[in-house]
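Residue numbers begin at 1 in each chain, while the letters A, B, ... track the order of the sequences.
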Amino acid sequence: MALLSVKEMTHRFGGLVAVNSYNLTLEPGQIMGLIGPNGAGKTTIFNLITGIYCPTEGKITFNGQEITGLRPHYIASLGLGRTFQDLRLWRHMTVLEHVKMARYSKIDYGFTGAFLGTPKRKKQEAQATEVAMSLLEMLGVDSLADQVVLNLPYGAQRRVEMARALATDPKVLFLDEPTVGMTPEELSQMIQIIRTVHQKFGLAIFLIEHRLKFVMELCQRIQTLVFGQVIAEGNPEEIQNNPKVIEAYLGEEKLD
Amino acid sequence: MDRMPLIISAVLHLILLYIALHTWSEVSDYRNLTLRLTLIAVLLTLSLNIINGYMGEFSCSHPGFMALGAYMGSVFTVLLFAKDKLFGPALLPPELGPYLFPLGLIIAGLTASVGALAIAVPSFRTRGDYLAIISLAFMFIVKSLIENLEVVGGPRGLSGQPNWANLPTVFLVTIIGVWMINNFVTSILGKALNAVRDDEMAADAMTVDTRKTKIVAFMFAAFWAGVAGALFAHVLRYVNPGTFGIQKLAEVLAMVYFGGLNSVYGSIVGAVGIQIMGEALRPLELFKWILIPTLLILVMIYRPTGLIAFKEFNLKRILAPRK
Amino acid sequence: ADAIKIGINAPITGDIPKVGEGTKYAAQMWLADIKAAGGIKVGDKVFPVELVIEDNEAKAESAVKANTKMITEDEVLVIVGPQSSKQAVPAGEVANNYQTPMISPWSTNPDTTKDRPFVFRGCFLDPFQGPVLANFITKEFGFKKAAVLYDVASDYPKGLAEYFKQAWEKLHGPGSVVAFESFTTKDADFSSQLAKILNSGAEVLFTPQYYNEVALIVQQAHELGWNKPIVGSDSWGSAETVELCGKECYGLFFSTHYAAAGAKGATKAFIERYDKKHGYVPDDVAALTWDALRIVQKAIEMCGNITGDVKKDRQCIRDNMAKIKEFEGITGKMTFTEDGDPIKCAVVVKISDKGEFEFFKSVCP
Amino acid sequence: MQLFLQNLVNALQWGSFYALIALGYSMVYGILMLFNFAHGDIFMVGAYIGFGVATALLAIISTSAWAAAAPGWLVLVLTIIISMFLTSFVGMIVERVGYRPLREAPRASAAITGLMIGIILETGNLALLGARRIRFPSLIESTTYNLGGVYITNKKIMIVLVSLALMIALHQFIKRTKWGMAMRAMAFDYVVVPLMGVSINTIAALTFAIGSALAAAAGILFGVAYPVLDPYMGIVFGWKAFVAAILGGRGSVLGATLAGFLLGFIEIFVAMIFPSTLRDFIAYSIILLILVFRPHGFFGEPYSARLRL
Amino acid sequence: MLLSVKNLEVSYGNIRALHGIDFEIAEREIITIIGANGAGKSTTLRAISRMVEVGPNTSMTCQGVDLLKFSADKVVSRLGVSHVPEGRRLFGNLTVRENLELAAFARKDHEGVKKDIQQVFEIFTRLDERKWQKAGTLSGGEQQMLAVGRAFVSGRKLMLLDEPSMGLAPLLMLRVFEALKEINQQGTAILLVEQNARLALKFAQRGYVLENGKIALKGEAKALLEDPEVKKAYLGG
Ligand SMILES: Nc1ncnc2c1ncn2[C@@H]1O[C@H](COP(=O)(O)OP(=O)(O)OP(=O)(O)O)[C@@H](O)[C@H]1O
Ligand SMILES: Nc1ncnc2c1ncn2[C@@H]1O[C@H](COP(=O)(O)OP(=O)(O)OP(=O)(O)O)[C@@H](O)[C@H]1O
Ligand SMILES: CC(C)C[C@H](N)C(=O)O
Ligand SMILES: [Mg+2]
Ligand SMILES: [Mg+2]
């Protein structure tokens with residue numbers, strides 16, 4: 001059975017049909033790509049699956065459980081981790097606090113712990129710190145742990161966001177344009193990072209990208225979305241040569 | 001340093017602090033009164049900082065919470081332990097009173113917490129400016145409600161509170177309050193407030209239960225505001241609804257933003273600073289109200305988030321021997 | 001000898017600065033007299049006097065703070081003020097607890113002095129004033145239906161409105177107050193309440209409001225077509241009432257502590273002196289403050305000896321204050337009851353066609 | 001019915017004040033994203049300036065023969081125009097000292113500054129003019145018309161008309177002129193406004209100037225209707241305008257106007273229907289409920305601007 | 001020289017973002033500045049349009065006058081230097097047309113403005129169809145076109161472009177660059193900042209490589225494209 005499946009999902013913003021009869025099956029460990037022109041509805045699909053929006057129609061199942069319309073923090077705690085297209089970091093928090101915060105659902109010392117500072121709290125906070133530090137180390141930003149994110153270079157911020165998403169213990173990781181604004185060098189590092197976490201945690205990954213090189217290299221399957229509708233789905237080879245995709249998205253000349 | 005000595009050292013320091021304050025306040029009851037009001041202001045400011053600083057909402061409801069606490073606390077003590085025009089003779093022997101006073105404070109706090117739901121629930125759907133208005137409306141509602149409640153004296157106010165909010169009591173309650181608030185804001189549950197403030201959607205996506213976080217923040221802050229209100233009522237031994245209006249709001253807001261957002265230190269500095277200025281500049285009469293605002297404007301211009309913002313209160317660092 | 005310190009607790013800033021001003025000016029005039037005499041003569045010694053003036057910002061808690069400060073830090077022997085009941089009630093509690101005599105010149109709420117041996121006042125009480133007005137209206141106009149408009153958020157108007165209602169209904173039966181309407185402090189528009197009052201068939205409107213609101217209420221009532229009498233209480237007794245209200249207020253009645261126009265003797269001397277110095281006829285609050293200070297002076301003199309032991313001196317002043325009989329004040333004769341309230345006559349004043357407060361009649365208990 | 005109509009008339013007048021003050025508030029709030037807590041006090045200053053101007057004009061009239069013929073309404077119109085002009089400078093000064101230095105700061109800090117400027121204006125007034133309250137000169141003779149038991153005065157009609165005229169003028173200004181366009185742009189994203197060749201400082205000052213001028217107009221109309229001025233008269237209006245401006249939705253002229261009138265209507269009619277002691281309780285409960293069910297005000301965008309920290 | 005910049009230094013608080021860089025642009029020239037994230041590219045543009053304060057030793061002259069004498073709005077209105085900021089930053093609540101009209105705020109030649117706006121619609125026909133639409137509801141590519149169009153109206157001497165390709169689908173990206181070419185041919189010099197170095201170097205005549213706030217390399221764009229260092233670091237091997 002598929003890890004994540006979406007059936008006939010439709011979403012409207014007022015009159016605008018942002019997503020139309022969208023279907024998805026994602027197997028454990030699979031890396032799936034989502035491409036399409038600006039405004040096609042890619043980010044909206046992420047927001048729908050992760051519960052930020054509630055779909056107008058359709059049904060989403062994760063691990064056999066229907067998650068349509070559940071609250072986002074709960075969906076996230078089930079194992080759907082994500083990053084954002086526009087880097088949504090918490091301006092005033094340190095790197096370490098970011099990653100620890102993502103352990104929120106794993107903490108159960110309750111209000112007694114929060115208000116009075118029980119030994120249980122001490123223990124769990126220490127554990128959270130440990131998990132966080134190991135993730136930061138893995139992404140090579142452990143030396144920045146005590147810095148406030150606002151002052152970090154962009155690349156580091158991206159990594160922090162990734163570490164934060166991983167700290168929720170996801171089974172599926174949603175990456176929304178993870179390489180926006182990166183140099184080719186950074187881009188290849190990012191590919192490396194994604195490969196590592198994919199292997200290490202056995203994650204399924206669903207990612208949105210405009211950098212074709214990146215998509216083609218990483219993804220096993222790719223969906224192409226245009227005006228909220230999937231016009232093609234297949235492996236990288238098929239997509240690259242699909243005339244509909246070329247017409248609507250890639251254009252004649254292939255850059256990058 | 002390991003754990004036990006830290007606690008002992010903290011307690012010792014507190015005792016020292018208390019002794020210092022006590023000695024200072026021995027000189028006159030006016031100092032004593034000012035000191036108690038200052039401690040209460042610290043508690044109040046800190047509790048407002050939870051919402052306005054840590055959670056980043058512009059809440060105008062604090063006088064309302066305070067009023068709820070002040071009235072509930074007063075009704076508790078006056079009804080049970082004091083002979084009074086409104087409620088008649090005491091229901092319980094007054095000797096018991098001082099021991100049950102903490103219970104009264106807790107009830108006062110809880111009442112305010114329940115009131116806070118009126119703002120916490122709308123805060124799920126709206127934020128920022130609109131929530132500011134909701135909280136402002138709440139404040140006016142509470143004030144108007146009390147004005148219409150003849151049982152507690154209506155606009156004429158309620159007096160006759162027993163004199164139990166003495167310096168040790170106020171000191172102890174404030175210390176407990178500061179300690180608990182500090183515990184809370186350094187825990188993950190408390191840091192979640194910052195996450196909700198800086199980016200709510202991201203917080204949600206990172207498994208943070210944002211609704212719970214907001215409810216807890218409002219209720220917890222209101223609880224301490226209520227406790228502060230109850231103490232305030234027992235220090236002045238008189239309350240009236242007019243006290244909990246826009247003026248009070250301006251006062252606490254000034255303290256929070258003067259001292260510094262998102263900072264336990266800041267609130268202490270803000271409350272103590274403004275309170276002391278207010279008393280020390282009394283001889284200036286009218287011009288006090290030109291000088292203090294000017295000072296605050298300057299602080300805002302040169303330190304827009306307040307004097308000591310975004311600074312964690314770290315007991316270890318304070319108490320550790322300095323090299 | 002050490003100076004005798006007297007505290008003044010007055011609303012210098014806040015909602016009613018004019019009251020603070022009147023208090024301050026009267027106190028300064030009194031002090032000037034004392035200074036001219038070299039001080040207060042107690043027994044055979046003459047003590048210089050020092051005034052400690054504290055601002056209570058027209059707020060209850062500030063009044064409490066100010067009292068505590070003056071009592072414990074400045075060690076004043078006696079306090080004059082606060083003026084309005086909102087501050088005087090809680091501040092009286094403090095004075096009484098510290099066994100420091102306090103006299104509020106202007107507070108008419110019974111709670112200020114009730115069960116507080118150390119607290120006195122210089123004016124009559126609302127439970128007296130309410131019936132005075134009810135009787136006056138009944139006798140003078142023969143009306144049976146009255147309307148009341150008052151500020152619900154302020155203790156003085158609210159208290160007096162209720163006393164008036166009680167008294168009126170006692171005279172004319174339940175339901176004879178046909179409209180009992182309220183508003184909130186700082187409101188400026190009363191049209192909705194006034195429209196209700198107009199509709200209720202009331203023959204007279206009683207409004208125990210401060211002078212600034214009087215002007216608005218009267219004007220709006222007239223604009224809405226009200227042409228029946230409007231009656232007020234001691235809070236109207238400020239020169240500003242007419243200044244703000246203008247012609248609209250001519251011919252209206254209110255009860256108060258003294259009538260400035262046509263005053264005689266010491267009262268006249270006081271008014272003229274004040275007017276000369278500050279350019280306007282003193283409000284009743286200034287006159288009452290003057291009286292209160294002179295009562296204090298008298299009590300100190302009666303003490304016979306100021307020992308320098310603050311506690312003892314305070315007790316002595318209180319005891320002597322309670323003993324004062326038939327004190328000839330510029331606002332009338334005063335003798336304190338057990339509670340520390342003077343038995344005083346109220347004056348009903350008519351605002352003349354020249355805008356002066358004309359003595360109309362005097363009602364004594 | 002008659003009572004209802006009477007109250008309708010009253011509510012219209014009362015709502016005009018709220019709407020007019022809320023508009024000025026909403027200008028600054030919508031465009032600069034500032035809670036201008038000093039706005040109520042600018043309204044107060046405007047009323048006092050109006051008093052000064054009117055007194056001066058009356059003095060001129062009484063001394064010169066040719067001016068004596070000037071009718072009351074002319075004096076009133078002159079007073080309004082001159083005072084609006086003068087008060088706009090007060091607004092610009094407030095912007096210059098209190099808000100411009102804080103443009104990069106969190107919005108809440110600017111709100112605190114506004115609160116403090118308000119206190120300074122109040123105290124300054126008290127220090128300057130002393131404790132007495134001031135009677136606003138009655139510039140036009142009040143005439144009352146009785147329309148079937150409903151009393152309407154010429155002042156009421158004038159106030160409602162002038163307010164509406166000012167509101168329409170403002171609306172046109174914002175919708176039609178390039179200055180208005182720049183203001184709307186600034187409301188959306190002020191950082192890049194200079195890249196269009198538009199000076200932020202100019203627009204900000206202009207915003208404050210217009211907002212303050214409207215407050216001055218409201219102050220004078222207020223003086224005409226409720227001729228008692230005191231230094232604290234702006235506080236309550238300031239906060240209610242704050243409520244109305246935000247209830248109306250960010251930067252929406254129409255919204256602020258509607259919310260202002262709504263507030264006036266609620267207050268008047270609640271007092272008509274219920275015991276008047278419950279007025280605030282009910283009025284604010286209604287507002288709270290409106291916001292619970294319409295969390296973004298009348299015309300607000302579905303996101304609400306966060307407090308920048 | 002149209003613009004010449006000497007020893008440009010910029011700091012944010014105590015972080016120094018630019019450590020004294022020099023470059024110049026001739027009339028009608030297209031140059032590009034490439035570099036990694038945080039190298040200081042956007043900062044350079046912001047310094048020219050006076051959106052950030054520059055250090056004390058910096059000098060910038062534009063068309064022979066001292067640029068530092070002008071405030072941000074005057075740089076646009078007097079010197080004709082327009083800036084298309086990172087992330088487009090359109091006024092989403094104004095219509096397409098209003099966005100363009102606002103860009104002409106300081107211009108007095110009403111006829112000229114009309115003509116220029118008309119020309120924008122000719123270059124970007126898509127915008128012509130959407131004249132009355134709120135800018136906030138345009139798709140990403142349309143928004144980028146409008147951002148360029150806005151700069152076209154506000155100043156025609158020099159256009160500073162900050163990552164016009166960011167977040168654009170490949171097809172749209174090409175369309176935007178074609179339009180830029182056309183604008184250049186009408187006489188506007190262009191200073192282009194890009195992540196996508198290959199694209200930028202193909203488009204420009206000369207290029208500068210910025211590394212950590214310093215100029216590491218400069219030269220003819222063609223030469224840079226072939227440079228092994230550049231190839232490795234910025235063109236993906
Ligand atoms: N909250 C919203 N309200 C109204 N419309 C929206 C909302 N969010 C997105 N849209 C619209 O839905 C469409 C799809 O947007 P979406 O952000 O999903 O695009 P995308 O494929 O991620 O594009 P890009 O590649 O530019 O990020 C767009 O037309 C957008 O304007
Ligand atoms: N407002 C700011 N406050 C503090 N530091 C800043 C600010 N803006 C930029 N910086 C810092 O200045 C340096 C240069 O930033 P700049 O935005 O110019 O880089 P860039 O080359 O344009 O990068 P990108 O490709 O990400 O746009 C970076 O280290 C950045 O963190
Ligand atoms: C209004 C004034 C006459 C004061 C009033 N007597 C009071 O007790 O507050
Ligand atoms: Mg997207
Ligand atoms: Mg950049």
Using heavy-atom distances under 4.5 Å, tell me whether [X] contacts chain B through its side chain, its backbone, both, or neither.
{"X": "A/Ile75", "answer": "neither"}
{"X": "A/Phe115", "answer": "both"}
{"X": "A/Ile107", "answer": "side chain"}
{"X": "A/Phe174", "answer": "neither"}
{"X": "A/Arg82", "answer": "both"}
{"X": "A/Ala167", "answer": "neither"}

Heavy-atom check, side chain of [X] versus side chain of [Y], under 4.5 Å:
{"X": "A/His92", "Y": "B/Tyr54", "value": "no"}
{"X": "A/Tyr104", "Y": "B/Lys212", "value": "yes"}
{"X": "A/Glu125", "Y": "B/Ile188", "value": "yes"}
{"X": "B/Thr207", "Y": "A/Tyr74", "value": "no"}
{"X": "A/Arg71", "Y": "B/Arg211", "value": "yes"}

Within the distance-only criterion (no hydrogens, no angle test), does the side chain of B/Asp199 pair as donor or acceptor with the backbone N or O of A/Trp90 below 3.5 angstrom?
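No, B/Asp199 side chain to A/Trp90 backbone: no donor-acceptor pair under 3.5 Å.
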
Would the distance check show the side chain of A/Glu97 and the main-chain N or O of B/Lys191 forming a donor-acceptor pair, the cut-off being under 3.5 Å?
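Not a single qualifying donor-acceptor pair exists.
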
So how far is it from B/Met201 CE to A/Ile52 CD1, rounded to the nearest 0.5 Å?
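So the CE of B/Met201 and the CD1 of A/Ile52 are separated by 4.5 Å.
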
With chain A, which of B/Asp209, B/Val185, B/Asn194, B/Ile181 has the greatest number of heavy-atom pairs at distances under 4.5 Å?
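Greatest number of close heavy-atom pairs with chain A: B/Asp209.
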
Part of B/Val216 lying under 4.5 Å from any heavy atom of chain A:
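Side chain of B/Val216 only, per the 4.5 Å heavy-atom cut-off to chain A.
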
Heavy-atom pairs under 4.5 Å with chain B - which of A/Ala128, A/Gly113, A/Ser77, A/Gly81 has more of them than the others?
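With the most close heavy-atom pairs to chain B, the winner is A/Ser77.
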
Taking NZ, NE, NH1 and NH2 as the nitrogens, is one of them in B/Asp198 or A/Arg91 under 4.0 Å from a carboxylate oxygen of the other?
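A/Arg91 and B/Asp198: not salt-bridged.
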
